[in-house]
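One structure below.
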There are 2 protein chains.
Amino acid sequence: MDRSGRGDPGETLNLLWRTPRVRSGRGRPPKVSFDKIIVAAMALADRDGLDAMTMDRIADSLDVGTMTLYTHVPGKAELTDLMVDHAWRELDLAPEGPWRERIERYARQNVALHERHPWLRQVSTARPPLGPGLFARNDFLLSALFETGLTAAEISAASDSIITFVDGASATLAEHSHAERISGQSDEDWWDDRRVFWENIFDPARYPAIERTWNDGGFDRSPAEAAAKAFDFGLRSLLDGIEVMARRSG
Amino acid sequence: MDRSGRGDPGETLNLLWRTPRVRSGRGRPPKVSFDKIIVAAMALADRDGLDAMTMDRIADSLDVGTMTLYTHVPGKAELTDLMVDHAWRELDLAPEGPWRERIERYARQNVALHERHPWLRQVSTARPPLGPGLFARNDFLLSALFETGLTAAEISAASDSIITFVDGASATLAEHSHAERISGQSDEDWWDDRRVFWENIFDPARYPAIERTWNDGGFDRSPAEAAAKAFDFGLRSLLDGIEVMARRSG
DNA sequence: CTCCTTTTTCGTACGTCCTACGGATAAAGA
DNA sequence: TCTTTATCCGTAGGACGTACGAAAAAGGAG
């Protein structure tokens with residue numbers, strides 16, 4: 001009865017924390033491994049998108065039968081969880097420098113991660129797979145925030161809001177920088193559609209604030225640039241908010 | 001070549017802004033309408049989740065053949081876009097009160113919206129359907145922010161970061177309050193799993209900051225309470241950030 | 001070498017889902 | 001009555017995930 005597109009949480013949990021199996025030597029030698037499947041699936045999703053990542057194609061790219069995958073992985077939902085955790089493990093989170101710098105580094109790394117793996121925006125929202133990747137990230141953020149002297153509850157809340165914002169904003173950024181590839185629409189066509197929309201469909205009388213922002217040049221930047229500005233502003237505000245709270249309490 | 005799970009943007013755009021068709025009187029009388037299909041689809045997704053919302057079941061709930069739907073809607077991707085926009089139109093966005101209050105009202109409304117329509121978290125991230133619902137929301141936020149005296153570019157960035165944060169945090173909140181229904185796992189089982197995880201799987205030596213936060217009571221709150229705290233903190237910080245910027249510039 | 005046990009491989013088949021196609025159907029107008 | 005127009009919807013096909021079970025390939029025992 002899985003309605004969220006994710007597999008049984010317990011099953012995934014065991015896979016995420018599993019220690020590599022020790023083979024007895026007996027039995028037919030495996031052609032693929034747990035890890036190779038994850039890597040192949042990620043490569044496919046990176047190149048052709050999450051929808052193109054089918055069990056058939058993953059198996060093909062590994063030169064095995066489709067059903068062979070099911071010896072190593074319970075199903076596609078679990079495989080997706082494993083991919084997400086594997087991606088998060090790519091974050092390079094050295095605990096160095098002052099706390100604010102560390103969190104900014106995390107934010108930049110997260111953007112780069114979404115650039116490499118644009119499919120993350122389709123799966124990485126709420127209810128994340130509770131694997132080593134997630135825990136490493138959370139540990140990094142909590143560890144940085146302990147330097148502020150806030151209470152554990154405050155730190156936890158601050159960490160959660162940073163995760164929420166950075167994940168969402170990274171997804172938006174990656175969305176824009178991959179837009180051409182995703183929509184199959186060239187940048188020129190995009191601007192054309194946009195012009196047609198503003199000229200023919202948009203009714204300024206109905207949305208005066210949008211009209212005014214448009215006239216004042218608020219939309220002159222490309223979507224990617226605008227998203228980057230929003231990212232910077234939001235992150236700065238959150239970090240400032242943490243500093244204010246720290247000064248008040250300590 | 002749609003890889004994002006969304007339909008042709010141009011097609012959806014026309015549907016979103018379409019004026020109700022004037023029937024000539026000729027032709028077989030319709031059994032369903034555009035709007036009824038959207039409402040039925042939303043009811044299904046609300047009750048049973050997005051995965052359970054199939055074209056077959058939507059048609060059944062309307063007492064028509066499956067293919068009848070395709071007379072009114074090009075396909076499922078477009079229907080999903082229409083549902084998202086329809087949901088956004090439910091936001092009650094009266095432009096009253098000081099700007100900060102207005103944005104807080106928007107935030108609360110958005111949480112309520114995600115409570116009513118938990119499937120939004122699976123579709124409402126980047127690349128939103130550019131319909132009346134989106135524009136009404138953006139107009140509301142921009143209109144509120146104009147009171148701050150910031151430049152159009154600053155307002156646009158601030159608005160975008162609020163949208164990113166509020167959407168992500170609302171999704172997390174709704175996720176937790178619907179967790180039981182989604183996972184089919186009772187609250188007791190959830191806490192049991194949690195205990196098993198901390199006792200058997202979690203390695204404190206590897207994640208010292210998490211261990212410390214745990215010991216300091218940082219995780220004592222229920223996930224829903226913790227998410228609410230993160231929501232409040234993040235929104236307050238963003239609004240403070242806007243105030244600071246406004247004071248600096250004018 | 002032969003047989004048994006263990007482990008992995010993978011072809012077949014089924015159920016679900018979206019949707020292209022085209023004939024049937026029901027109204028209005030000529 | 002015949003034509004035009006708009007809608008309804010049964011059938012069929014293709015894509016996908018995966019249950020099942022037989023076949024294959026290794027080690028070890030006799």
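Just so it is clear: chains get the letters A, B, ... in the order the sequence lines come, proteins before strands, and each one is counted from 1.
B:Met55 places its CE atom 17 Å from the C1' atom of D:dA12, with the value rounded to the nearest Å. Between the CG atom of A:Asp60 and the C1' atom of C:dG11 there is a distance of 14 Å, rounded to whole Å. One interatomic measurement links the two molecules: CE of A:Met67 to C1' of D:dG21, which rounds to 11 Å at whole-angstrom precision. Here C:dC18 presents its P atom at 13 Å from CD of B:Glu78, a figure rounded to the nearest Å. Here C:dT16 presents its C1' atom at 14 Å from NZ of A:Lys76, a figure rounded to the nearest Å. The distance from atom CG of A:Asp48 to atom C1' of D:dC16 is 16 Å, rounded to the nearest whole Å. As a whole-Å value, the separation of B:Phe34 CZ from D:dA6 P is 18 Å. Look at CG on A:Leu79: it is 15 Å from C1' on D:dC16, rounded to the nearest Å.
Dashed line: the shortest gap from a side-chain N or O of B:Arg57 to OP1 or OP2 of C:dT16 is not under 4.0 Å. Under 4.0 angstrom from either OP1 or OP2 of D:dC8 there lies no side-chain N or O belonging to B:Lys31. The phosphate of D:dC9 (OP1 or OP2) has a side-chain N or O of B:Thr68 nearer than 4.0 angstrom. Taking side-chain N and O atoms only, B:Arg28 has no distance below 4.0 Å to OP1 or OP2 of C:dG23. Under 4.0 angstrom from either OP1 or OP2 of C:dT9 there lies at least one side-chain N or O belonging to A:His72.
With DNA chain C read from its 5' end, the first of the two nearest nucleotides for B:Gly25 and A:Val64 is the one closest to A:Val64. Residue-to-nucleotide proximity on DNA chain D shows that, of B:Asp63 and B:Arg23, the 5′-proximal contact is made by B:Arg23.
Within the nucleic acid shown, B:Gly27 comes within 4.0 Å of at least one base atom, counting heavy atoms only. Residue-level contact check: B:Thr54 touches the backbone only, with heavy atoms under 4.0 Å from sugar-phosphate atoms and none from bases. Backbone-only engagement by A:Val32 is indicated by non-hydrogen atom pairs under 4.0 Å involving sugar-phosphate atoms exclusively.
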- Task: Begin with the C-alpha distance, continue with both residues' side-chain angles, and end with the deciding distance and a verdict on side-chain contact (heavy atoms from CB on, under 4.5 Å) for A:Asp160 and A:Phe165.
- Result: CA-CA 9 Å; A:Asp160 284 353; A:Phe165 179 78; over 6 Å; no
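Taking the six-membered ring for Trp and the full ring otherwise, B:Phe135 and B:Trp17 have centroids separated by under 6.0 Å.
Donor-acceptor pairing under 3.5 Å, judged by distance alone, is present between the side chain of B:Arg26 and the base of D:dT4.
Listed here is the closest heavy atom pair of A:Val166 and A:Ser170: O-OG, 2.6 Å.
In summary, A:Arg116 and A:Glu90 engage in a salt bridge, as defined by a charged side-chain N under 4.0 Å from a carboxylate O. Using a 4.0 Å cut-off between charged side-chain N and carboxylate O, A:Asp35 and A:Arg18 make a salt bridge.
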